[in-house]
Amino acid sequence: MTTTVTDTQVRVRVRVAVDAPQHSGLSEPLDYLSERLLAPGTLVQVPLGKREVTGVVWPHAEGAAGAELDASLLRPVSSVLDGLLPLSASWCELVSFAAHYYQRSVGEVALSVLPPQLRLLDAAQLLARLKRMTKWLAAPPEQVPEPMRPELSGDQAEALLQLDAALAAAAHPETAGPPAPVLLYGVTGSGKTEVYLRAAEHALDRGQQVLVLVPEINLTPQLEARFNERFAAHRIVSLHSGLTPANRLRNWMAAHLGHAELVLGTRLAVFASMPRLGLIVVDEEHDPSYKQQEGARYSARDLAVYRAHQLRIPVLLGSATPSLESWQRAEEGRYQRLSLPRRIGGGALPRVRLFDMNTLPRAKGVTTVISPPLLDALRERLERGEQSLVFLNRRGYAPVLHCTECGWKSGCAHCSAWRVFHKLDRTLRCHHCGFTERVPRACPDCGNQDIAPLGRGTERLEEQMAELLPGARVARIDADSTKLKGALETQLNAVHAGEVDVLVGTQMVAKGHDFRRITLVAAVNPDGALFTSDFRAPERLFALMMQAAGRAGRDAEAAARSEMWVQTWHPLHPLYQSLRTHDYAAFATSQLAERRMAGLPPFAHLALLRADARTPELAKAFLQAAADWAAAMPEARQVTLYPPVPMSVARVANVERMQMLVEAASRGALQRLLWHWLPELHALKREHKGVLRWAVDVDPLAI
DNA sequence: AGCACGCCGACT
DNA sequence: GTCGGCGTGCTC
C-alpha cells in the first residue's frame, strides 16, 4: 500500500470496486485516495465521472502491481459507510474469481450480488436499518417443542455416516484438507431432504451457518417449510430476487452479521456474506435455473463448489438426475457419491408405460391428443377419486395459427418465431418479444375466414381434457395461469384439497411439488426434445420426465397403483428405455459416451461469443473479425473456433443474433484465450458500428 | 451504464 | 438567435 504525505495529511491509496460495466474497459477496481486506512470489504461512496457511486474497498492483488496511476490524478473517497462490518476477504476472493472466470468486471459482480438497497443508503440511513434489523432479530424465535425427527432409513443413515467424516473434518478447516464435494444421488421420495436437514443440524450444532440453494424459491415451498419446521428455534432467512428491497437488505444483513444461521435462497444467494459458513447444500443441482442468463452468466452450483473448496467446508449436491458434469466427476472419484436408491417406506416408483403412437390408426390430418388406453387410465383414476397430472411443456392454446387457404402462419413481425394463439383473451402473443395482437377475424393475407390452430398447448389440452372426461374437474397450472401474485399458491392448494381431478400443466408442476393424491402422470407429447440440435436437450428431458414421474405415488399406499404414461413415436429410443426402468445411471453412461465422442462437456469446455446487430451480416462480420484475431493468438492452438451461426431464434425484437462457439480441451486454455480476447473485443466493437452489443457466455447451457 | 460534449434542424 | 436530436467518448 502506498502512502503519500502532503502537509499534515496522510493519504492512503485504496482500490475500490465500482459498478463500471465490463464494456467500459474498466474491469479492475479503481484507485482512490483516503484519509484513513480502510479495511478491504468496506463499503464506500466514490466519485466516478460526474456521479457518486457505491463501491467496495478491494484487497490488493497478490504480487503483480500493474501500472499505477500517479497519485496526483486520484480523487478522494467521498464517504465511508461505517457501521457495516466489512465484507470478508474470502467473499472478495469469491467475487473476484467469479468475475474473472465469467469475464465480467469485479465491481459489476460485487455490486450486482449485494442487496440493491445498499447502494441507495448513506451511513446514517444504513445505521437506522441496522437498528431496525436488530430489533427484528430481538423478537425471540418462538419457543417450540423439540422438532419431530423422523427415523432414518438405512440408506439415509449410511449416507450420513459417510458424510460424518467430511462434516467432522470441516470443523477444523485449518488442519484438514478440503473435503470432496458430495453428490447425493437419490430418487424422488428417497428422503434427500432429511439428509440435508441432518447435515445442517451438524453444522448448526457447531455454531456454523448453513447455506441452502434451491432452483426457484416459489417452486419449492415444501422444502422451505421443512427447514422452517425443523429449525424453528434457529434464525432462518430467505434470499432471492422476489423479496421486497427492504426485506432483502434486512435478510442479507442478518446473514452478513452472523445472526441468521440458515440462509435459504436462489442462485444469487451463493454470494451471501456468511462469516461462519460451514455447509452448502445445492438442492436439485442439475436444474438449469442455477445458471444466470444475463449480466455475469455464472453458475451458482459451480460457484457453490468453488466456495466450499475455498472455505474447506462440505458441499452437498442433491438430485435424482444429477447433471452429467457432476455425475462424471463422481465417476472419476473427484466427488464423493452417496446414493439413496430406495423410496422411503419402500414405496415403489411409478410404473412407466411407453405408449407407441404408431399403433394408432392414422386418420388423415387428425392427431390424437390422448390415446384411448391413456384415456381409459385417466377414467379409472377419476372413478377411484384419484388425481392425474397431464404434462405438456408448451403454454398457450396453439403454438401457431395458419390459414388453410393460402398457408399464412401467425409469424411475429419482429422475431423469427411464431406468435402463439392464446384463446382465453383471443390474442396472438410472441413469447420472445411480447408483441401481442388480437386474433384476426380472417387471414390477413387472403381474407379467408378459415384460420386454424396448429399443434397444441396447455390451454387447448385443458379444453380437450374437459371434453374427453365429462364431469371431471380440470385445472391448468402454467406461467399464464399463475401470473397474478399468489395465484400459484391458490391453485396448488386447490389441488392439495382434492378440488381438482385432472391437472394440466407445464414443467412448472413437474418440479418439487409434493402431490399426495396423484397416481397418474402422463407426458402427452415429449418427443420434441429427442431430436433438437441442443446437446443438453436429452439430459433435460430425462430429468423432467423423472421429476414428473416423481409426482405420482408420493403416498406409499397409492404407490403400487401409480403410473407414468409417455406417449411417444419412438418407444425404443434409449432415453425412454432408461426411463422405463428408472435407470438414470444407464442413461448417464450412454449420454456421457456420446458426449465424449462428440467432444462436448464435461469432456470439453465451451464458451459462446454472441453478437446482436441490426442485420445478420453486421453481427457475423464482428464475430468473424473476432475469430480471425483469436486464430492468430498462440492460445488458439489449444482451442477450436467454430464459424458464426445464427441463434436458434435468430431475430428477437428486430435484433439479429449470431453466436460463435469456442471449444477447448482444458478450462485453462479457454480462460487464457478469453483473457487476451476480451480487450480486443472491446476494441473491435468500436470498429463494427452496427453491433449493438456482444457478450461472452462461459460454460453455456445451450448452444 | 450514466453523463458529458458536440455539432446540425425547428421553435420563441 | 437557442432548445434538443442522439453519435462519440470517458470515468481512478
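A, B, ... follow the sequence lines: proteins, then strands. Residue 1 opens every chain.
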Can you check the A:L30 CG to C:dC12 P distance for me, whole Å? 7 Å
Let's see if you can work this out: which of C:dG9, C:dC12, B:dC3 has an atom nearest to the side-chain heavy atoms of A:K50? B:dC3
Could you check whether A:R686 makes a cation-pi contact with A:W694, meaning its NZ or CZ is under 6.0 Å from the centre of the six-membered ring and within 45° of the ring axis? no
Under 3.5 Å, is there a donor-acceptor pair between the side chain of A:E261 and the main chain of A:I236? no
Which nucleotide wins on minimum distance to the side chain of A:R51, given the candidates C:dC12, C:dT8, B:dG2? B:dG2
Separation of C:dT11 C1' from A:H682 NE2 (nearest whole Å): 15 Å
Once you round it to whole Å, what is the distance between P of C:dG7 and CZ of A:R614? 12 Å
Restricting to side chain to side chain contact (heavy atoms under 4.5 Å, CB included), what partner residues turn up for A:P76, sequence neighbours left out? none
Can you measure A:L73 atom CG to C:dC12 atom P for me and round it to whole angstrom units? 10 Å
Would you mind reading off the distance between A:L48 atom CG and C:dG9 atom C1', rounded to a whole angstrom? 14 Å
Rounded to whole angstrom units, what separation is found between the CD atom of A:E687 and the C1' atom of C:dT8? 15 Å
I want to know whether A:Y298 and A:F271 have ring centres closer than 6.0 Å. yes
Look at all strands and tell whether A:P29 reaches a base, only sugar-phosphate, or nothing, counting heavy atoms closer than 4.0 Å. nothing
Could you state the atom-to-atom distance from CG of A:L33 to P of C:dC12 in whole Å? 12 Å
In whole angstroms, how far is the P atom of C:dC6 from the CG atom of A:L692? 15 Å
